[in-house]
Amino acid sequence: MAVIEAALPRRILTTPVAGPFIALVLACAFFALRTDQFLSGGNFSLIIQQVMVVGTLAIGQTLIILTAGIDLSNGAIMAFGGIVMTKLAVTGELPPLLAIAAGLAVCAAFGLVNGLLVTRISLPPFIVTLGMLNVVFALTHIYSQEQTVTQLPDLLTFLGRTFQVGQTNVTYGSLLTILLFLLFAYLLGQTAWGRHVYALGNSPEVARLTGIRTRRLTIGVYTLAGLVYGIAALLLVSRTGVGDPQAGQTDNLDSITAVVLGGTSLFGGRGLVLGTLIGALIVGVFRNGLQLMGVPSIYQTLITGILVILAVAVDQLSRRRNR
């Protein structure tokens, strides 16, 4: 019994999310000492609202990175999905519910195209999604005619509404984001599909030889990631109250940052989606805390970049040690 109790802390500390979680706790402690406003319930609610869009994008990004891929187009796909939803609903071409469904379907379709290009033509994911980033960015501005869509129906802004938990207002969108993280944590950790995703990221050839249909699985991952980007689009629209063609221009990099800080390896096959949630919160906590301290935004970007480099360096050193 004593041996088990002694081994338990060591086992906890060796989990992939242990490092990111400790970093999050230390960051919270630092900013709590530096500013009195940081520990308020309203501020924590604000942090969650600020990271829910990027956090949701990062769920799809995690799926793709686990397969040893990467997606540079997710922010642009989200922006286009938001424009499709809002424009169809506002112009009356479709009822609001069908407009949302159309936006989700369009995002999933772009994910499908990415997956097909990666698997059928064997193009590198970096090149495919970099090209798709430019294609979707252009389509967003062509379809929106460079105009922001306003006066949205209530259904499109519902997730931006709040309910009270104690004295704190929490948005329905924040709750949906947390539920999505729990759902994908279950899918990746408790299902055969999740085990196949990890196997694909570890070694595509070995996965294929064990009977996994690697091409079909890769296409499915990219398509599912696209659908998640569509949900992020709905969250963005509900939070801002408009369809903005300029949205999401740096969210692709922010989503990669969240994934890397959460302990997921850029080389595939290793990581947890709950680690991505912690990574997104680390970014949100740093930006919020530095803002409360009055630090200029350019330094927030600088510190975020340093954190990413450190996280990738730790991952690389860990891989070398395990060889």
Side-chain angles (χ1 to χ4, degrees), residues 50-61 64 69-118 121 123-153 155-157 159-160 173 222-258 297 301:
Q50 290 172 339
V51 303
M52 68 180 185
V53 174
V54 170
T56 302
L57 276 180
I59 293 174
Q61 187 75 258
I64 292 174
I70 198 164
D71 192 349
L72 299 178
S73 64
N74 58 359
I77 291 174
M78 176 188 69
F80 186 70
I83 289 295
V84 169
M85 293 177 190
T86 54
K87 194 166 183 179
L88 289 177
V90 169
T91 59
E93 295 180 40
L94 287 176
L97 187 60
L98 289 180
I100 292 173
L104 295 175
V106 165
C107 291
F110 280 120
L112 173 62
V113 172
N114 279 340
L116 288 172
L117 291 173
V118 168
I121 310 182
L123 295 176
F126 181 90
I127 299 300
V128 169
T129 58
L130 178 61
M132 187 61 71
L133 163 66
N134 291 291
V135 169
V136 180
F137 179 80
L139 290 176
T140 300
H141 286 264
I142 292 170
Y143 182 63
S144 66
Q145 298 178 339
E146 306 282 353
Q147 296 183 1
T148 300
V149 184
T150 58
Q151 299 180 337
L152 306 184
L155 187 60
L156 269 74
T157 58
L159 293 175
Y222 276 86
T223 304
L224 181 58
L227 179 61
V228 174
Y229 304 155
I231 298 173
L234 181 58
L235 289 169
L236 177 64
V237 166
S238 68
R239 183 167 185 263
T240 60
V242 298
D244 183 6
Q246 302 294 337
Q249 293 189 23
T250 62
D251 285 351
N252 56 348
L253 300 181
D254 287 343
S255 69
I256 296 171
T257 299
S297 60
T301 304

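Along the sequence shown, residues are numbered consecutively beginning with 1.
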Taking the side chain as C-beta and beyond, is there a heavy-atom pair between Ser73 and Tyr229 under 4.5 Å? no
So how far is it from Gln147 CD to Lys87 NZ, rounded to the nearest 0.5 Å? 7.5 Å
Looking only at non-hydrogen atoms, find the nearest pair between Ser255 and Asn74 and report the distance. OG-ND2, 2.9 Å
With a cut-off of 3.5 Å and sequence neighbours excluded, list every side-chain donor-acceptor pair involving residues 94-104.
none

Let me see the working for Leu159 and Met52 under side chain to side chain contact (heavy atoms under 4.5 Å, CB included), right down to the final yes or no. CA-CA 11 Å; Leu159 293 175; Met52 68 180 185; over 6 Å; no
Distance-minimising heavy-atom pair for Ala225 and Ile64: CB-CD1, 3.7 Å
Take Leu72 and Ile256, measure what side chain to side chain contact (heavy atoms under 4.5 Å, CB included) needs, and give me the verdict at the end. CA-CA 9 Å; Leu72 299 178; Ile256 296 171; 3.9 Å; yes
CD1 on Ile231 to OG1 on Thr56, rounded to 0.5 Å: 7.5 Å
Locate the shortest heavy-atom distance separating Cys107 from Gly226; write the atom from each residue and the value. CB-O, 3.1 Å
With Leu117, which of Thr129, Ile127, Val128 fulfils side-chain contact (heavy atoms from CB on, under 4.5 Å)? Val128
Can you name the nearest heavy-atom pair linking Asn252 to Gln61, along with the distance? O-NE2, 4.0 Å
Smallest separation among heavy atoms of Gly248 and Met78, with atom names: CA-CE, 3.8 Å
Taking C-beta and beyond as the side chain, do Leu152 and Val90 meet within less than 4.5 Å on heavy atoms? yes
Which residues satisfy the side chain to side chain contact (heavy atoms under 4.5 Å, CB included) test with Thr301, sequence neighbours excluded? none
Shortest non-hydrogen contact from Ile83 toward Pro245: CD1-N, 3.7 Å
Set of residues satisfying ring-ring contact (aromatic ring centres under 6.0 Å, His included) with respect to Phe80, sequence neighbours excluded: Phe110
Would a 4.5 Å heavy-atom cut-off, applied to side chains only, mark Thr86 and Val242 as touching? no
Minimum side-chain heavy-atom gap Ile77-Asn114 below 4.5 Å: yes
